[in-house]
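Sending over a structure as structure tokens; questions will come in a sec.
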Amino acid sequence: MRKRSLVVALLMVFMLSAGLVVRAQGPLVIGVSNGFVGSEWRTQMIQNMEAVVAEFNAAGVAVELV
């Protein structure tokens, strides 16, 4: 149990440090693959993602949605 907690903690530290390195290099780029936009659920998903990206950009965090 203790070994598992250590592994989880190390993974979290690695993920956080990797995120900081990516952010320091320039704008965050989020890619979305959506093969079928005809359903209401997928259309709403794209609209929600665009709204969140706009909120981040308004807050000064450079995010690009591809």
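Residues take their numbers from the sequence shown, with the count starting at 1. Source: prediction; values computed, not measured.
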Non-neighbouring partners of Q44 that pass side-chain hydrogen bond (donor to acceptor under 3.5 Å, both in side chains), sequence neighbours left out: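 Expected list: N48.
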
Please list, one pair per line, the donor and acceptor atoms closer than 3.5 Å that link side chains of residues 56-66 to other protein atoms, with sequence neighbours excluded.
| unit_1 | atom_1 | unit_2 | atom_2 | d |
| --- | --- | --- | --- | --- |
| N57 | OD1 | V63 | N | 2.9 |
| N57 | ND2 | V53 | O | 3.3 |
| N57 | ND2 | V63 | O | 3.3 |

Euclidean distance, E40 CD relative to M45 CE, rounded to 0.5 Å: 14.0 Å

Cluster check I46, V29: I/L/V/M/F/W/Y, side chain < 4.5 angstrom: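 No, no single cluster joins them.
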
